[in-house]
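Working notes, structure below.
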Amino acid sequence: MTDGADIPPARRFYGRRRGRPLRAGMERLMAERLSALSIDPDAHPVPTDPRVFFDGPVEQVWLEIGFGAGEHLAWQARMHPDVGILGFEPFLNGVASLLRHIEDGSLTNVRIHPDDTRPVLDRLSGGAVDRIFVLFPDPWPKVRHHFRRIIQTESLDTFARLLRPGGELRMASDDMPYVRWMLERACAHSEFQWTAAGPGDWRERPHDWPETRYEAKARKAGRRPAFLSFRRK
């Protein structure tokens with residue numbers, strides 16, 4: 001397994017790895033389930049078809065980068081049992097939360113990488129992914145930290161390589177400066193096309209995009225999220 005310790009701190013897109021101490025049940029899930037659900041890209045040749053990470057055949061492969069507490073990822077996995085979903089999240093409390101969702105829903109189509117996403121994405125076959133989610137990432141609001149934002153031209157290059165033609169990149173944020181940042185870079189990228197035809201397409205969450213606790217908290221605080229969808233040309 002790749003190790004986020006190999007990523008220089010100045011290049012990491014994430015902050016802390018742990019929050020509050022886990023409850024006993026969560027610690028048990030981490031000890032008993034995480035190893036079996038974690039992906040090991042080093043065990044496969046480069047490039048690696050992401051379908052090999054799943055026990056059975058899957059019709060599509062989706063990625064969620066920074067899945068938070070795992071609510072959205074688990075919902076998508078439950079609604080699309082024929083889709084294999086790879087979840088990336090370095091915050092271990094969030095990983096434990098996703099494991100609970102997997103356990104409660106008896107989900108078999110989820111695999112996890114609890115660390116930095118880039119070493120894994122660099123090994124995956126081009127055009128092998130059908131959808132990528134980057135939902136409510138850390139906005140790193142201070143200007144001196146903007147280089148830590150996960151949405152950069154470099155990361156969009158990687159997403160474009162991984163997505164099949166017609167594949168979808170979904171992004172969301174409740175931080176309007178970051179929304180503008182996302183739009184500027186994605187709209188300027190030669191391989192992506194924004195699908196919005198009007199304001200409602202980015203102001204209203206699509207029907208196949210569940211609300212999470214984070215989104216509800218943002219709305220309660222008066223922050224209005226934006227939901228952005230781009231197609232791989």
Side-chain angles (χ1 to χ4, degrees), residues 1-5 7 9 11-19 30 34 37-39 41 50 53 61-77 84-102 110-122 124 129-141 145-160 162-163 167-175 177-179 181-183 185-186 205 209-218 223 225-230:
M1 181 182 298
T2 53
D3 183 354
I7 305 296
R11 293 293 299 143
R12 291 178 186 164
F13 297 137
Y14 55 87
R16 59 180 181 160
R17 295 295 307 274
R18 288 183 177 273
M30 292 287 281
L34 181 58
L37 295 177
S38 294
I39 64 175
F53 298 133
V61 174
W62 297 355
L63 311 181
E64 182 162 353
I65 299 172
F67 55 72
E71 298 160 289
H72 172 270
L73 192 155
W75 186 93
Q76 295 289 359
I85 305 181
L86 299 180
F88 299 84
E89 177 59 66
F91 186 55
L92 297 180
N93 295 62
V95 173
S97 178
L98 176 60
L99 289 173
R100 177 175 54 82
H101 287 299
I102 292 173
V110 177
R111 294 295 181 268
I112 301 170
H113 184 66
D115 215 316
D116 191 284
T117 183
R118 289 168 290 180
V120 179
L121 298 190
D122 289 344
L124 299 184
V129 174
D130 296 87
R131 188 176 292 180
I132 297 175
F133 302 96
V134 185
L135 309 182
F136 300 99
D138 192 327
W140 293 104
H145 292 155
H146 281 184
F147 70 95
R148 288 180 177 264
R149 291 177 167 177
I150 190 169
I151 300 302
Q152 308 280 354
T153 300
E154 176 185 346
S155 56
L156 291 170
D157 290 342
T158 299
F159 298 162
L162 294 173
L163 284 168
E168 186 178 13
L169 169 62
R170 290 187 176 186
M171 302 183 288
S173 179
D174 60 309
D175 183 272
Y178 199 9
V179 170
W181 173 284
M182 291 174 168
L183 282 171
R185 281 148 186 80
R205 178 169 26 83
W209 189 330
E211 183 182 58
T212 64
R213 284 176 294 174
Y214 184 89
E215 180 188 337
K217 182 179 179 180
R223 300 189 301 273
F227 308 93
L228 311 177
S229 178
F230 285 80

Test item: W181 and V179 side chains (from C-beta on) under 4.5 Å apart, heavy atoms | no

Worked check of side chain to side chain contact (heavy atoms under 4.5 Å, CB included) between L156 and L169 | CA-CA 9 Å; L156 291 170; L169 169 62; 3.8 Å; yes

Between W62 and G84, is there a donor-acceptor pair closer than 3.5 Å when you use the side chain of the first and the backbone of the second?
-> no

Does the side chain of Q76 reach to within under 4.5 Å of the side chain of P210, using non-hydrogen atoms?
-> yes

Test side chain to side chain contact (heavy atoms under 4.5 Å, CB included) applied to L86 and E64, step by step | CA-CA 6 Å; L86 299 180; E64 182 162 353; over 6 Å; no

Locate the shortest heavy-atom distance separating H101 from A74; write the atom from each residue and the value.
-> CB-CB, 3.6 Å

Partner set under side-chain hydrogen bond (donor to acceptor under 3.5 Å, both in side chains) for Y214, not counting sequence neighbours = D174

So, for T117 and I65, which heavy atoms are closest and what is the spacing to 0.1 Å?
-> CG2-CG2, 4.0 Å

Sub-4.5 Å side-chain heavy-atom contact between V95 and L34 = yes

Kindly write out the residues that satisfy side-chain hydrogen bond (donor to acceptor under 3.5 Å, both in side chains) with H146, not counting sequence neighbours, or none if the list is empty.
-> R149

Non-hydrogen side-chain atoms of R131 and L63 separated by less than 4.5 Å = no

Salt bridge (charged side-chain N to carboxylate O under 4.0 Å, His left out) involving R170 - partner list, sequence neighbours excluded = E168, D208

Taking atom CZ of R111 and atom CD1 of I39, what is their separation to the nearest 0.5 Å?
-> 10.0 Å

Any chance you could lay out the side chain to side chain contact (heavy atoms under 4.5 Å, CB included) test for D130 and L163, step after step, and finish with the verdict?
-> CA-CA 6 Å; D130 296 87; L163 284 168; 5.9 Å; no

Interatomic spacing from CZ in R185 to CZ in F230 - rounded to 0.5 Å | 12.0 Å

Could you pull out all residues at least two apart from F67 that satisfy ring pair (Phe, Tyr, Trp, His ring centres under 6.0 Å)?
-> none

Below 4.0 angstrom, N of the basic side chain to O of the carboxylate: do E215 and R205 qualify?
-> yes

Look only at the side chain of E89 and the backbone of F91, and say whether a donor-acceptor pair between them is shorter than 3.5 Å.
-> yes

Heavy atoms, side chains only, cut-off 4.5 Å: are P137 and Y178 in contact?
-> yes

Drop me the distance from F159's CZ to M171's CE, to the nearest 0.5 angstrom.
-> 8.5 Å

With a 4.5 Å limit on heavy-atom distance, are the side chains of L121 and F88 in contact?
-> yes

Kindly indicate whether the side chain of I150, heavy atoms from C-beta on, has any atom under 4.5 Å from the side chain of D138.
-> no

So CG of L73 and CD1 of I102: to nearest 0.5 Å the spacing works out to 7.5 Å

Got a sec, which residues hit salt bridge (charged side-chain N to carboxylate O under 4.0 Å, His left out) with D175, two or more places apart in sequence or on another chain?
-> none

Can you name the residues that form a salt bridge (charged side-chain N to carboxylate O under 4.0 Å, His left out) with E71, not counting sequence neighbours?
-> R213

CZ/F136 to CZ/R223 distance, rounded to the nearest 0.5 angstrom?
-> 9.5 Å

Can you find a heavy atom in the side chain of S38 that is under 4.5 Å from one in the side chain of P114?
-> yes

Separation between CZ of F53 and CD1 of I85, rounded to the nearest 0.5 Å = 15.0 Å

